[in-house]
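This report concerns only the one structure given below.
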Amino acid sequence: MRTAALLAATALVSLLAGQAMAEVRLVMVGQPGCAYCARWEAEIAPAYPNTAEGRFAPLLRADLRQGAPEGITYERKVLFTPTFILVDNGSELARLEGYPGEDFFWPLLSRMLEHSTNFDPDAAVDMPPSSSEGG
């Protein structure tokens, strides 16, 4: 009986921890015709959900002209595309304006995650890829 209760409690804690982590998202603000958005789509987007960063902060796409997605608040107006905004529970934590190219994007994103959240690349590798993407 105690074993079943312990297993249930462990499952609940794991579920709640997963839900809390899922609240961290990376919002990519883009617009039609943006050449740097297209480069990001070609160079980064296919791999993103399979990376530690993508598992920890699933991508949410947003259009510059439509404003922030429902439930998300930006600290300030988005002026450049693409702009990558790290949010937790809908509030902006940090942002990366522009796309600096594949060689610079990953280290900048990792540093942003490490400084703004409890991101641990080794722990995030064990998380299943997220298939949820909106915007």
**OP:** Specify the closest pair of heavy atoms between S116 and L86, including all atoms of both residues, with the distance to one decimal.
**Re:** CB-CD2, 3.8 Å
Original post:
Which residues satisfy the side-chain contact (heavy atoms from CB on, under 4.5 Å) test with S110, sequence neighbours excluded?
Top reply: E53, E114
Original post:
Can you find a pair of side-chain heavy atoms, one from L109 and one from L96, that are under 4.5 Å apart?
Top reply: no
Subject >> CG-NE2 distance between L93 and H115, expressed to the nearest 0.5 angstrom >> reply: 13.5 Å
Original post:
Are F80 and L64 joined in one hydrophobic group, where the rule is that I, L, V, M, F, W and Y side chains link up if heavy atoms are under 4.5 Å apart?
Top reply: no
Would you be so kind as to tabulate the donor-acceptor pairs closer than 3.5 Å made by side chains of residues 30-48, with sequence neighbours excluded?
unit_1 : atom_1 : unit_2 : atom_2 : d
Q31    : OE1    : R65    : NH1    : 3.4
Q31    : OE1    : R65    : NH2    : 3.2
Q31    : NE2    : T81    : OG1    : 3.1
R39    : NE     : E43    : OE2    : 3.4
E41    : OE1    : R61    : NH1    : 3.2
E41    : OE1    : R61    : NH2    : 3.4
E41    : OE2    : R61    : NH1    : 2.3
E43    : OE1    : Y99    : OH     : 2.5
Y48    : OH     : A57    : O      : 2.6

**OP:** Identify, with sequence neighbours excluded, every residue that meets side-chain contact (heavy atoms from CB on, under 4.5 Å) alongside E92.
**Re:** Y74, E75, R76, I85, R95
**OP:** Grab the two heavy atoms, one from V29 and one from D63, that are nearest each other, plus how far apart they are.
**Re:** CG1-C, 4.3 Å
**OP:** List the steps and the verdict of side chain to side chain contact (heavy atoms under 4.5 Å, CB included) for D88 and T117.
**Re:** CA-CA 9 Å; D88 186 9; T117 69; 5.8 Å; no
**OP:** Indicate the atoms forming the closest heavy-atom contact of W106 with T51, along with that distance.
**Re:** CH2-CG2, 3.6 Å
**OP:** Locate the shortest heavy-atom distance separating M28 from P82; write the atom from each residue and the value.
**Re:** CE-CB, 3.9 Å
Original post:
Please walk me through it: do L108 and F84 pass side chain to side chain contact (heavy atoms under 4.5 Å, CB included)?
Top reply: CA-CA 11 Å; L108 290 170; F84 301 91; over 6 Å; no
